[in-house]
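Below: one structure, written as structure tokens.
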Amino acid sequence: MTSRAWSGWAFALPFAALFLLFTAGPVVASLVMSLTDLGRADLLDPLGVNVVGLENYLKLFDDPKFLTASANTAIFVLVGVPLTMVLSLLVALGLNSGLVKFRGLFRVGYYLPVVTSIVAISVVWRFILQPDTGLLNEFLGLFGIAGPNWLDNQAYALPTLIAMGAWRNLGFGMVIFLAGLQAIPKDLYEAATIDGAKKWSQLRFITVPMLRPTMLFVAVITTIGYVQFFEEPFVMTQGGPLDSTLSMAYHTYNQFGFGNYGYASAMGYVLFVVVVLLSIAWFRLLRNNVD
């Protein structure tokens, strides 16, 4: 091996060591842990842990809380991802047009929730959603509508968190879509206008097809984030009322807190598999159009 190769390895060694220690190591350890019955009581005697194979994974499908959390997460993803993408695209189209003044100010305003602490956002939303004195119910009261207790009602709690998640992540998709829109050659729109194509036709046959690589990226990143949604129920509802906002990530967190380390690790790997499968589904859905 040449001295140049040794120098390359020397520069890569700090990263490789940190990666193995803090990323690859814990990933492998959690996989092994998911195949055991490791619990809090076993920390004093790790050698006494029993290997249970796939028992933890099979037990998940008999766990009512896990099934409830899976259903809540599925609803959050199936509703939240399309809603976030549509709103992001609409805002990006508006900001990309020449009809909106102070576009820079609006871009910062829409993106600000993305970089704002979830705790600060939760405080604001809890104030808005207060049943008696919240701004939303006060506004509805102007029209004679008695607003519900948004966060303590099973029918409204999860949709409220979906709305909050879409609002919070709208800015990220907007920035990506805006970059994609500005990369579309203006000549295509000019040629379409000369041929008599209306705005809707240009959107359908030029903008959307040209944005498919961007849509793929936004869809995958947003889906990964929404499958792992945790902060919203943790801060806003603690998974309630009656587990109506309990997510897979939050349930996994609770199991670690209860000391069921092997069982919680199995949940974590199921969550990982779900993320991988959904990402593959998006690539299969949009890959041909992207290529």
Side-chain angles (χ1 to χ4, degrees), residues 34 39-40 55-84 113 117-141 145-169 222-275 277-278:
S34 71
R40 181 180 289 125
E55 182 179 323
N56 287 327
Y57 293 93
L58 297 175
K59 191 163 50 173
L60 290 175
F61 299 99
D62 290 326
D63 182 354
K65 273 187 174 290
F66 178 77
L67 297 178
T68 299
S70 300
N72 293 338
T73 303
I75 294 171
F76 194 91
V77 172
L78 293 176
V79 177
V81 172
L83 178 62
T84 303
S117 167
I118 183 62
V119 176
I121 290 176
S122 299
V123 170
V124 173
W125 272 75
R126 288 185 70 90
F127 176 72
I128 293 173
L129 298 171
Q130 283 292 318
D132 300 321
T133 59
L135 295 179
L136 180 55
N137 283 357
E138 289 284 345
F139 176 75
L140 294 176
I145 302 174
N149 192 338
W150 296 96
L151 296 177
D152 289 330
N153 188 306
Q154 281 184 273
Y156 296 106
L158 186 59
T160 299
L161 293 188
I162 292 174
M164 176 182 170
W167 171 81
R168 182 173 177 242
N169 293 281
T222 306
T223 299
I224 291 173
Y226 279 19
V227 168
Q228 303 175 81
F229 91 104
F230 169 78
E231 294 95 340
E232 291 86 349
F234 179 76
V235 177
M236 300 287 289
T237 63
Q238 293 75 53
L242 298 177
D243 294 333
S244 60
T245 59
L246 182 68
S247 67
M248 293 175 67
Y250 193 12
H251 188 38
T252 303
Y253 167 84
N254 286 337
Q255 291 302 312
F256 269 109
F258 298 153
N260 302 322
Y261 303 129
Y263 190 52
S265 297
M267 287 186 188
Y269 269 90
V270 169
L271 197 61
F272 168 74
V273 170
V274 170
V275 169
L277 292 178
L278 289 176

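Note that the coordinates shown come from a computational prediction; the quantities given were computed from them, not determined experimentally.
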Heavy-atom nearest pair, Arg168 first then Pro113, reads CG-O, 3.7 Å
Residues that Gln130 engages under side-chain contact (heavy atoms from CB on, under 4.5 Å), provided they are two or more places apart: Thr133
Which heavy-atom pair separates Asn56 from Ala266 by the least distance, and what is that distance? CB-CB, 3.7 Å
Quick check for you: to the nearest 0.5 Å, what is the distance between Leu158 atom CG and Ile75 atom CD1? 5.5 Å
Scan Phe229, Phe230, Phe258 and name whichever one has a ring-ring contact (aromatic ring centres under 6.0 Å, His included) with Tyr253. Phe230
Could you tell me which residues satisfy side chain to side chain donor-acceptor pair (under 3.5 Å) with Trp125, sequence neighbours excluded, listed by chain and number? none
According to side chain to side chain donor-acceptor pair (under 3.5 Å), who are the partners of Asn153, at least two apart in sequence or on a separate chain? none
Enumerate donor-acceptor pairs with a distance under 3.5 Å from any side-chain N or O in residues 67-74 to protein atoms, sequence neighbours excluded.
unit_1: Thr68; atom_1: OG1; unit_2: Pro64; atom_2: O; d: 2.9
unit_1: Ser70; atom_1: OG; unit_2: Phe66; atom_2: O; d: 2.8
unit_1: Asn72; atom_1: ND2; unit_2: Thr68; atom_2: O; d: 3.3
unit_1: Asn72; atom_1: ND2; unit_2: Asp243; atom_2: O; d: 2.8
unit_1: Asn72; atom_1: ND2; unit_2: Ser244; atom_2: O; d: 3.4
unit_1: Asn72; atom_1: ND2; unit_2: Leu246; atom_2: O; d: 2.9
unit_1: Thr73; atom_1: OG1; unit_2: Ala69; atom_2: O; d: 2.8
unit_1: Thr73; atom_1: OG1; unit_2: Met248; atom_2: N; d: 3.0

Shortest non-hydrogen contact from Val270 toward Tyr57: CG2-CD2, 4.0 Å
Nearest 0.5 angstrom please: Leu83 CG to Thr222 OG1, how far? 11.0 Å
Determine the minimum heavy-atom distance between Ser122 and Met236, stating which atoms define it. CB-SD, 3.3 Å
When rounded to the nearest 0.5 angstrom, what distance separates CZ in Phe127 from CG in Leu135? 4.5 Å
Chi angles and distances behind the side-chain contact (heavy atoms from CB on, under 4.5 Å) call for Met267, Asp63: CA-CA 11 Å; Met267 287 186 188; Asp63 182 354; 4.0 Å; yes
Closest approach of Ala249 and Gln228, non-hydrogen atoms and distance? CB-O, 3.7 Å
Atom OH of residue position Tyr156 - does it have more than 12 heavy atoms of other residues, nucleotides or ligands inside 6.0 Å? no
Any residue meeting side-chain contact (heavy atoms from CB on, under 4.5 Å) with Ile145, in chain and number order, not counting sequence neighbours: Leu140, Phe143
Interatomic distance, CE@Met164 vs CG@Asn169, rounded to 0.5 Å, equals 10.0 Å
Can you tell me how far OG1 of Thr160 sits from CD1 of Ile128, rounded to the nearest 0.5 angstrom? 11.5 Å
Can you find a heavy atom in the side chain of Ile118 that is under 4.5 Å from one in the side chain of Phe234? no
Distance check, rounded to the nearest 0.5 Å: Leu277 atom CG versus Phe272 atom CZ? 9.5 Å
Counting only heavy atoms from other residues, nucleotides and ligands, does the tally under 6.0 Å from CZ of Phe256 exceed 12? yes
For a quick test of reading the model, state the closest non-hydrogen atom pair linking Tyr250 to Gly239 and the distance between them. CE2-N, 3.3 Å
Thr245 side chain to Thr237 side chain, donor-acceptor N/O pair below 3.5 angstrom: yes
Decide if atom OH of Tyr269 counts as having more than 12 heavy atoms of other residues, nucleotides or ligands within a radius under 6.0 Å. yes
Yes or no on side-chain contact (heavy atoms from CB on, under 4.5 Å) for Val235 and Arg126, after CA distance, side-chain angles and deciding distance? CA-CA 10 Å; Val235 177; Arg126 288 185 70 90; 5.8 Å; no
Is there a side-chain contact between Trp150 and Asn137, using heavy atoms and a 4.5 Å cut-off? yes
Can you name the residues that form a side chain to side chain donor-acceptor pair (under 3.5 Å) with Lys59, not counting sequence neighbours? none
